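Accompanying notes for the structure given below.
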There are 2 protein chains.
Amino acid sequence: MVTIYDIAEKANVSAMTVSRVINNTGKISDKTRAKVRKVMEELHYVPNHTARSLVLQQTHILFLLITDITNPFYTTLARGAEDAAKKSGYRLLFGNSDESLEKEADYMSTILSSRVDGVLIAPAGDPSLPHLKSLQQHKVPFVLLDREVPGIECDIVLGDSKEGARGLVEYLLKQGHRRIAMINGSSSISSARLRLQGYQEALKLNDIGYEETLVLETSFGPLNDLIEIEQWLDQMEPAPTAIIAGNNMLAVEVIRLLRKRGLRIPEDRSIVCIDDFGPYSQMDPFMTVAAQQAYQFGYLGMQMLIERIKERESPQPWKKIVLPAELIIRRSVLPLKQNR
Amino acid sequence: MVTIYDIAEKANVSAMTVSRVINNTGKISDKTRAKVRKVMEELHYVPNHTARSLVLQQTHILFLLITDITNPFYTTLARGAEDAAKKSGYRLLFGNSDESLEKEADYMSTILSSRVDGVLIAPAGDPSLPHLKSLQQHKVPFVLLDREVPGIECDIVLGDSKEGARGLVEYLLKQGHRRIAMINGSSSISSARLRLQGYQEALKLNDIGYEETLVLETSFGPLNDLIEIEQWLDQMEPAPTAIIAGNNMLAVEVIRLLRKRGLRIPEDRSIVCIDDFGPYSQMDPFMTVAAQQAYQFGYLGMQMLIERIKERESPQPWKKIVLPAELIIRRSVLPLKQNR
DNA sequence: ATGAAAGCGCTAACAA
DNA sequence: TTGTTAGCGCTTTCAT
């Protein structure tokens, strides 16, 4: 491996001079600089980031942990985070926890031991608390994305989940639906809880009773119990005319299972969900959704994180950004006759 | 920061003993081990991976660079790579080049300077050559995914792109289509070239002339020139009855633009593509595709990479895996009357 | 403008 | 079984 000492030797200068040339620090004569640069190129020198991080006590690398790499919400968010990081000259690395607490724990130890400068994290859920506590303990700046975790005070970017869900249900009600089922993520996830609340509130405001059998709590992520979902779909009696899914991945799953049963959307079942489908929003059923501003989650979260890192010394109050969801009406909802 | 010296002091042992406990090396009395472990927990010690990497000259971290984080092919591939890495106890970090040579170059410098142990890379295209050369020069083991790069000999996992495309076109021909257009990625990408060849061969074998105006070369990735695609769609005369897209993202784009024009799929245009849609395959138009084994790309590629790292000393010949694509017939193709 | 020495946190090699 | 020494590649401090 080529080190600054190799460069120094060949250029007849000290290692320190080489270091100065690399980092553009201190005063160096143009002649020396040119000479050093030339040798660096000749030997294909690459700075050893590891060594540099060790002495500087910072890596200039940021980390983004998402919970489902196949979900367009998170991948779009990732693009936003990447763009914001790049703008400030930070490097960004990704991790994917697949909604699993165990994988999240693995990433935590990677994060802590690799001494990244900061973390943008969509936590698996409330049980992520110890993970976040340990970040705090080790003074790793972090920003939470999309999900609150009770017991943690920190910077956070949230979507207005309750309003998003409520808006969708109200839209369904306006279209004449009265029997509306909901499939949702785990109640250990703040956004799932709020989405359920939004659903409940909308029903209540419209004097429609809440029926437990119409609501299924499963997982937002790729680890779903399909049998459970199938049973839920088959056992609702009478069947709902509309279904709201707590996120896009659940909607896709429900669409698949409905079609397996020969049910058409929206003719036989209307369906809506929270989160848009990125590039897939143009595929049938053209879903009516409460679209979250995925890119902004990443972009603004990253800005907050970098801000926090820079202001490390001065104690800023925690910031909380709540991004509204946008109701996008497409064609996955059938207007019923009793339209009002 | 808590270091092994802090632990050593509090436990009344030497730093070396602490190191041995952490790494489970050498002989340590149970009593000492217990004592050290206890102190480590008390002080919430986290090993400094940076320091460790510096002395060991290896990070035990692998890197996966993909070209489009919103493409289910790559995200599914990522899952495969992750699973294989985990199985061997390696950590995996992701990067996303968005099909951009510049972003790829940025990641190269991250990769080189952070001294990861190996890289799994889907190159942006033939111009990635210098990037790969520099990996070789710095003796960073890597495995290429999905795309060959002329001038580079290395381990590689490929899909059978030519056969995949040919199979799709032949299916279209069997359904009676004669005027088949193709939208493809950049010809600087090996898989795009092979897919075009597959298209051309299928036509030739069936005595159908090749028409340049029916073929559009654009980008596989998120940086498409939409105007160009729209013009191409509008200017083909007479219009094709079927379109083959070089990958799934292009298919989605074409679907969107066709629908914008009020054209139905498959009634007005049949459409097929290479690559499946992951969770979205169940959305309409239920696409007929040549599905690549995305997960296997990642899993097998990662296995090869780890193998290569372990056998670093003994010079194994380069390995090449070619994964066949599977024709999945759904409902995006209209059988024409002149069916044969 | 340039260099020498010390040390970031850790482990390999050797010593006791 | 445990400890001492040296050094991984780099930068900070202080000296020249």
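Every chain is numbered from 1, with letters handed out A, B, ... down the list of sequences. For the numbers below, each heavy atom of this structure counts, side chains included, while hydrogens, waters and symmetry mates do not. All of these numbers come straight from a predicted model, not from anything done at the bench.
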Nucleotide [N], atom [atom2] - distance to [atom1] of [X] in whole Å:
| X | N | atom1 | atom2 | value |
| --- | --- | --- | --- | --- |
| B/Ile4 | D/dT4 | CD1 | P | 13 Å |
| A/Leu56 | C/dC8 | CG | P | 14 Å |
| B/Gln58 | C/dA12 | CD | C1' | 13 Å |
| B/Arg115 | D/dC8 | CZ | C1' | 11 Å |
| B/Asp6 | C/dC10 | CG | C1' | 13 Å |
| B/His49 | C/dC8 | NE2 | C1' | 16 Å |
| A/His60 | D/dT11 | NE2 | C1' | 16 Å |
| B/Asn48 | C/dG7 | CG | C1' | 14 Å |

Below 4.0 Å: OP1/OP2 of [N] and any side-chain N or O of [X]:
| X | N | value |
| --- | --- | --- |
| B/Thr25 | C/dT11 | no |
| A/Arg52 | D/dG9 | no |
| B/Gln57 | D/dG9 | yes |
| A/Ser29 | C/dT2 | yes |
| B/Asn23 | C/dT11 | yes |

| task | Give me the ring orientation class for B/Tyr107 and B/Phe63: parallel if the planes are under 30° apart, tilted from 30 to 60°, perpendicular past 60°. | result | tilted
| query | Can you list every salt bridge (charged side-chain N to carboxylate O under 4.0 Å, His left out) pair that touches residues 58-81 of chain B, not counting sequence neighbours? | reply | A/Asp68-B/Arg79, A/Arg79-B/Asp68, A/Asp98-B/Arg79
So [X], base contact, sugar-phosphate only, or nothing? Heavy-atom distance under 4.0 Å.
| X | answer |
| --- | --- |
| A/Leu54 | base |
| A/Ile22 | nothing |
| B/Ser53 | nothing |
| A/Thr50 | nothing |

| said: Applying the side-chain hydrogen bond (donor to acceptor under 3.5 Å, both in side chains) criterion to B/Asp155, which one of B/Gln316, B/Lys319, B/Arg308 satisfies it? | reply: B/Arg308
| Partner of A/Ser128 under side-chain hydrogen bond (donor to acceptor under 3.5 Å, both in side chains), chosen from A/Glu104, A/Lys133, A/Arg147 | A/Glu104
| field | Counterpart residues, side-chain hydrogen bond (donor to acceptor under 3.5 Å, both in side chains), relative to B/Glu9 (two or more places apart) | value | none
| message | Assuming nearest nucleotide by heavy-atom distance, tell me which of A/Pro47 and B/Arg33 is located more 5' along DNA chain D. | response | B/Arg33
| Short N-O contact, B/Lys86 and B/Asp83, less than 4.0 angstrom | no
Please list each protein N or O that sits under 3.5 Å from an N or O in nucleotides 3-5 of chain C, with the distance.
unit_1, atom_1, unit_2, atom_2, d
C/dG3, OP2, A/Ser14, N, 2.7
C/dG3, OP2, A/Ser14, OG, 3.0
C/dG3, OP2, A/Thr17, OG1, 2.5
C/dG3, N7, A/Arg20, NH1, 3.1
C/dG3, O6, A/Arg20, NH2, 2.3

| note | Side-chain contact check for B/Lys27: nearest option of D/dT1, D/dC10, C/dG9 is D/dT1
| message | Under a plain distance cut-off of 3.5 Å, with no hydrogens placed, do A/Tyr74 and A/Asn96 share a side-chain donor-acceptor pair? | response | no
| Residue pair B/Cys154, B/Leu132: steps toward the side-chain contact (heavy atoms from CB on, under 4.5 Å) verdict | CA-CA 10 Å; B/Cys154 63; B/Leu132 303 177; over 6 Å; no
